[in-house]
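So you know, we letter chains A, B, ... as the sequences are listed, proteins then strands, and number each from 1.
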Amino acid sequence: MKMFKLLEGGRSPLTGYQWPLPARDGEPGEWTPPVSCVRVGANGYHLLASWEETFDEYGHDLWLAEGKGNYDQHRSRVAFEQARLVQRIDSFNTGTLRDYAIWCAKMALSELPIYLSKIEVLLEYCESGDYNKYHLEQLTNAIDNDWTSFRTWQASKRWNRFQYYATEAIYTLAKNLGHVPEMMREQPVTLLDKAICRRIRNNSIDAIVSARLANAHIDDSISAAMHCECERVEPVFASEFEKRLGVRRCSDSWEVIE
Amino acid sequence: MKLFKLLDAGGASPCFGYQWPLPEREGEPGEWTPKIMRVGVFERGYHLVSLEELLDTDGCDLWLAEGRGRRECDGGIVAFEQARLLRRIEFTAGMLKSYAVWCARTALDELSLCVPKIEMLLEYCGEHQSDRLHLEQLAEAVKDDYIAFASFDQWRAYKCMSEQYRLRSYVTEHIYLLGTVLSEVAEMAELDRPPDAREKMVCRHIHHYAVAVMVGARLSAAFPEGNISDAMRAERDRIEPCFLAELGKRLGVKRRRDGWEVSRT
């Protein structure tokens with residue numbers, strides 16, 4: 001079963017274990033020594049069954065890795081008896097995370113019926129690759145002010161709740177978008193970079209789901225409608241990230257697209 | 001055919017000063033006006049208007065009026081050979097204000113997100129005692145946002161001119177225009193008197209911008225194929241009657257096959 005492993009220079013960021021790296025490009029590394037009584041979070045070689053989890057894990061080098069023998073699984077985390085590194089996924093870098101975050105924000109903004117100029121300008125700024133701390137602060141402060149005054153005022157008001165959710169998601173997205181210009185392409189991926197990217201992705205999905213439901217007439221449970229819309233929207237975001245990483249799922253395993 | 005006539009207080013025509021024969025008793029029609037030969041819109045004849053033209057027509061006293069004989073029609077304006085006033089209809093600044101607020105509310109509800117400053121302005125419109133300083137600050141902030149959007153839009157237009165972008169730009173522009181005029185609605189204070197020309201213009205603008213916002217928002221969510229102007233016209237034809245029905249309800253009038261009638265006593 002091929003899954004994902006996050007390392008730092010070949011070492012496990014949590015335990016410091018040095019994984020056997022492939023000796024040659026295109027060939028897998030050695031199998032790790034077998035361990036008995038595998039258990040997630042306790043014992044075994046831990047791989048991730050889904051790339052989504054990589055946003056929450058330490059480590060900046062993403063590998064496609066293979067596990068064999070006994071295993072124990074808890075959600076996306078799988079502890080194997082033995083494992084080996086198959087191929088480094090070079091596209092997992094700050095540039096990819098940054099571009100993906102921008103793509104997510106663009107998707108969300110394009111779903112809205114109006115232009116929120118300040119947020120659109122911030123997005124353009126992120127795309128430009130410029131980084132002027134003063135200019136960026138002015139822009140994010142202006143967006144923050146809009147949001148703060150809205151929140152102060154909105155309490156006790158009559159709302160279409162989806163309108164409110166969409167607005168909240170968009171302004172939260174903008175807040176996170178303000179960190180994107182600080183993501184330096186040449187630097188290794190940090191936990192903060194991953195957190196920003198994940199938040200922008202989630203905010204974007206929330207904004208799209210809420211905006212779509214704001215115009216729909218929901219007769220049944222609101223959470224069921226949101227869940228259902230989420231299931232339509234999320235795969236679009238997932239497949240975009242997979243495309244950017246250059247990986248694809250094949251049954252319960254993953255492969256790198258050459 | 002029963003339509004509407006707007007006169008000045010006292011029954012004089014605002015354009016020509018012609019004194020219409022007023023009903024002598026409540027509930028009875030006025031005398032028929034003398035016959036006029038060769039009627040022509042804006043030239044000769046007794047001019048009555050449909051509800052659509054009400055906010056564009058001079059005058060502050062609204063009457064249900066009847067026309068007969070030869071007629072000529074141009075849009076919602078009809079010139080008759082003879083006409084008479086049937087019944088005065090309560091037409092106040094307060095009614096226009098509440099209609100303008102309804103239009104803005106309906107347009108804002110159509111959007112899938114809140115536009116905070118414009119929502120705040122709308123709230124001011126519903127308050128009797130508004131904080132003038134705050135209202136001015138808010139109106140200024142909306143204008144600033146509109147200016148920022150306009151320059152952004154101009155710059156954006158160089159980069160992308162897809163129909164989808166144009167529709168979003170159309171909606172955004174009209175929501176800001178609506179916001180800009182909304183501050184004037186908030187200032188309409190004396191509500192029991194007949195509306196003046198400015199108040200009618202403000203209400204007409206709000207009506208127009210609200211319809212535009214709804215047309216653009218619906219189309220931008222629908223991704224129409226084919227000619228966008230045709231799609232907009234078709235959508236406008238669907239939305240406009242809802243707005244006019246609301247105005248009619250507030251005036252207490254109902255459309256009949258042959259013109260209008262008062263539905264509220």
Side-chain angles (χ1 to χ4, degrees), chain A residues 106-125 127-128 138-139 142-174 206-217 229, chain B residues 105-124 126 134 137-138 141-142 144-157 159-160 162 164-176 178-179 212-223:
Chain A
K106 249 187 181 165
M107 290 291 283
L109 287 171
S110 69
E111 189 79 22
L112 304 179
I114 60 169
Y115 282 117
L116 298 173
S117 321
K118 290 174 196 163
I119 303 179
E120 295 272 357
V121 170
L122 178 60
L123 184 63
E124 291 285 345
Y125 188 76
E127 276 191 291
S128 72
Q138 278 186 321
L139 206 47
I143 295 169
D144 263 0
N145 286 343
D146 280 357
W147 178 235
T148 309
S149 62
F150 170 65
R151 289 198 68 159
T152 320
W153 167 80
Q154 65 80 31
S156 83
K157 297 292 177 289
R158 169 181 93 84
W159 289 115
N160 166 337
R161 84 172 70 187
F162 289 119
Q163 264 187 335
Y164 180 75
Y165 290 158
T167 314
E168 185 174 45
I170 277 293
Y171 276 100
T172 316
L173 183 153
D206 288 347
I208 292 175
V209 167
S210 309
R212 288 186 182 175
L213 293 181
N215 288 329
H217 298 285
E229 195 57 46
Chain B
R105 177 77 271 156
T106 306
L108 286 170
D109 282 348
E110 187 72 22
L111 301 178
S112 48
L113 86 165
C114 311
V115 189
K117 288 173 195 159
I118 299 179
E119 292 276 1
M120 286 187 234
L121 262 181
L122 185 58
E123 178 141 294
Y124 262 102
H134 189 202
Q137 285 178 326
L138 207 47
V142 170
D144 288 347
D145 280 358
Y146 181 32
I147 291 166
F149 160 72
S151 58
F152 163 78
D153 194 43
Q154 213 170 20
W155 167 74
R156 181 36 124 351
K159 293 186 70 183
C160 178
S162 73
Q164 202 57 24
Y165 276 113
R166 280 170 55 186
L167 274 173
R168 287 177 67 205
S169 163
Y170 179 82
V171 178
T172 314
E173 176 165 22
H174 282 89
I175 204 80
Y176 279 121
L178 187 147
V213 166
M214 289 184 71
V215 167
R218 286 189 183 177
L219 287 184
S220 107
F223 299 98

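- For A/Leu116, the part lying near chain B is the side chain, with the backbone staying farther off; criterion is any non-hydrogen pair under 4.5 Å.
- Residue contact with chain A, scored on non-hydrogen atoms closer than 4.5 Å, involves the backbone and the side chain of B/Ser169 alike.
- Here the shortest heavy-atom pairing between A/Leu109 and B/Arg168 reads O-NH2, 2.7 Å.
- Taking the six-membered ring where the residue is Trp, A/Tyr115 and B/Phe152 present perpendicular rings, their angle passing 60° and hence far from 30°.
- Interface remark: A/Glu124 contributes side-chain atoms only to the contact with chain B (heavy atom separation under 4.5 Å).
- Taking 4.5 Å as the limit, every side-chain heavy atom of A/Phe162 sits out of range of all side-chain heavy atoms of B/Ser112.
- Two residues are said to be in side-chain contact when any heavy atoms from C-beta on lie closer than 4.5 Å; A/Ile114 and B/Val213 fail this criterion.
- Using a 4.5 Å heavy-atom threshold, the side chains of A/Ser210 and B/Leu113 count as separate.
- Minimum interatomic distance between B/Cys114 and A/Thr167 (heavy atoms only, all atoms of both residues): N-OG1, 2.7 Å.
- A distance-only check finds a donor-acceptor pair linking the side chain of A/Gln163 to the backbone of B/Leu108 [under 3.5 Å].
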